[in-house]
2 protein chains.
Amino acid sequence: MTQSSVALGNDNGNGNVIRLAVSTVIFALRPAKHPSKKWDIVMPVVLRTRDPHEGKWALPGGWLREDEGLAAAASRTLAETTGLHPAYLEQLYAFGAVDRSPTRVVSVLYWALLRADAVQQRATPENVEWFSVDGLWGLAFDHDEIVQYALWRLQNKLDYSGIAQGFLPELFTLSDLREVHEAVLNKPLDPANFRRQVEGSGEIVPTDQFRKGSHRPARLYRTNSEVALASHGPLKPDTQ
Amino acid sequence: MTQSSVALGNDNGNGNVIRLAVSTVIFALRPAKHPSKKWDIVMPVVLRTRDPHEGKWALPGGWLREDEGLAAAASRTLAETTGLHPAYLEQLYAFGAVDRSPTRVVSVLYWALLRADAVQQRATPENVEWFSVDGLWGLAFDHDEIVQYALWRLQNKLDYSGIAQGFLPELFTLSDLREVHEAVLNKPLDPANFRRQVEGSGEIVPTDQFRKGSHRPARLYRTNSEVALASHGPLKPDTQ
DNA sequence: TCAAAAGTGTTAGCTCTACACCCATGC
DNA sequence: GCATGGGTGTAGAGCTAACACTTTTGA
């Protein structure tokens, strides 16, 4: 083995160049049709108007530009698709199988949460459509698999982080938060136990405001700004 | 917003090309100097012989080739550095900050485990050195940060997966396994509780063989092939 | 017989879960 | 008052951590 064959940077500077895309699985909430739960999880997808996979729906994304970081590219294409900025953005995975596209493309995937109040009435470009994640199949490329993986990450992250708050506005009740959890996990949760669990976590702080409605007013909470939405370990939140 | 500005693949095919590197944080065990624990965690790093960062140590890696997947590139450069194949390989993160290198480079990082018995007496290329992760600072680029993140992932993964077995040969005792956990977590573990915990997990299966030594023979176990070393969720183990 | 590691048993304390119950409001 | 969601209390199951104890070997 020659010395030059080893080690990044003992290269000759002629590294192969690769086309690098950044795409994002964007999660948002929409009032559920079926009254058994309050919210459906939806995501925007984009109609492909060219080959490969013309006529199929694909995750929004675009090419990484020379002068922007990966998360910045995700944020930019997300804004182009939805007109919005994400409440939460995290890298999902880098996909680079040789045969995942007819031409070689490496894709860095992100996943994002949008706040329910922001999504309300946003004009969407005509080639963008929002679908419930439940029956969402037949996407272009390997995007079906990617969506399932992103959903798995979202469900996992609920357990040990305050990620669900990313869907909610600044002030919310414990019922609001529980309904988000129920929508993501697809199962009902005990209100009493949920309350204690989330109150003990320190992820939210009570305010002295209440939401008046049809019944007993519910206390409003806000996200504890001392605690990050999610733990990234020793990595800084995401400004690469 | 024009339609062409939205969506991966409604591109014009002229996506910017990027230099894409794949590097790996490679963990192995080495008998500890200090007798308080049995193993030290070590990793190979490569001396940079060119700018940028000439004279510093860097993580082993190389440029992604046109005809290989990301994991394949990690495996290849790992073999070039150590002469070995990894017992476990997992993607860590994609780093793409614009200023992380003087010229724009996106790096997909992997982390890997080597089996203790394989590492024993392997000839190492002369520009490669193995260091304990404990006091390992001053690496090239952002590699210090990357190493800490990889170590954090390794420690986390110990709790909920049979990853520690990746360090061990086919047959091992419960003490062997516990000593690996102690080395990674840097704290002593109760042998009795550790036994029950790992026996109940189904990650290992007892054999009818015993290791004879200086004291009461210890039963040998092997990895349960029905259970993967680690959970990747709905993603297939790693052949991208 | 003794030291040391292998392996088993036991208990106190904690968390989790299910569910009973009370509280405050609009109608 | 009464229906409804907000909010509190509590007992049993199950898990965890600490540590006492027994077993089996080599020396």
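Note: hydrogens, waters and symmetry copies are ignored here, and every other heavy atom, side chains too, is used. Within every chain, numbering begins at 1; the chains are lettered A, B, ... in the order of the sequence lines, protein sequences first and strands thereafter. Since the structure is predicted, the reported quantities are computational estimates derived from the model, not experimental observations.
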Task: Gap between atoms CG and P, on B:Asp176 and C:dG7 respectively (whole Å) - done: 11 Å
TODO: Pick base, sugar-phosphate or nothing for B:Ser175, based on heavy-atom distances below 4.0 Å to the nucleic acid.
DONE: sugar-phosphate
Open item on the list: Whole angstroms only, please: what is the CG-C1' distance between A:Asp190 and C:dA20?
Closed with: 11 Å
Task: Rounded distance (Å) that lies between atom C1' of C:dA6 and atom NZ of B:Lys212 - done: 13 Å
Task: Interatomic distance, B:Ile204 CD1 vs C:dG7 C1' [rounded to whole Å] - done: 13 Å
TODO: With a 4.0 Å heavy-atom cut-off, tell me which residues in residues 214-223 of chain B come close to DNA chain D, sorted by residue number.
DONE: B:Ser214, B:His215, B:Arg216, B:Pro217
- [ ] Tell me yes or no: between the side chains of A:Gln91 and A:Tyr93, is some donor less than 3.5 Å from an acceptor?
- [x] no
Open item on the list: If you apply the rule side chain to side chain contact (heavy atoms under 4.5 Å, CB included), what do you find for B:Glu129 with B:Glu126, and how did you get there?
Closed with: CA-CA 8 Å; B:Glu129 194 76 59; B:Glu126 60 170 297; over 6 Å; no
- [ ] For B:Phe210 and C:dA5, give me the distance from atom CZ to atom C1', rounded to whole Å.
- [x] 14 Å
TODO: In whole angstrom, give the distance that lies between atom CZ of A:Arg211 and atom P of C:dG26.
DONE: 15 Å
Task: Non-hydrogen side-chain atoms of A:Leu78 and A:Tyr110 separated by less than 4.5 Å - done: no
Task: Criterion side chain to side chain donor-acceptor pair (under 3.5 Å) on A:Gln165 and A:Tyr221, from CA distance to verdict - done: CA-CA 10 Å; A:Gln165 300 154 52; A:Tyr221 290 76; over 6 Å; no
Task: Distance in angstrom units between A:Glu199 CD and D:dG7 P, rounded - done: 8 Å
TODO: Establish, from distance only, whether the side-chain atoms of A:Ser107 and A:Arg100 form a donor-acceptor pair under 3.5 Å.
DONE: yes
Kindly give the atom pairs (protein nitrogen or oxygen, nucleotide nitrogen or oxygen) under 3.5 Å for nucleotides 9-13 of chain C.
unit_1	atom_1	unit_2	atom_2	d
C:dG9	N7	B:Arg196	NH1	3.1
C:dG9	O6	B:Arg196	NH2	3.0

Task: Protein-nucleotide distance (A:Arg195, atom CZ; D:dG5, atom P), rounded to Å - done: 15 Å
Task: Distance-only polar pair, side chains of A:Arg153 and A:Asn156, donor-acceptor under 3.5 Å - done: no
Open item on the list: So for atom NZ, which belongs to B:Lys212, do other residues, nucleotides or ligands contribute more than 12 heavy atoms lying within a distance under 6.0 Å?
Closed with: no
Task: Salt bridge flag under 4.0 Å for residues A:Arg211 and A:Asp176 - done: yes
Task: Between B:Phe167 and B:Trp39, ring centroids under 6.0 Å - done: no
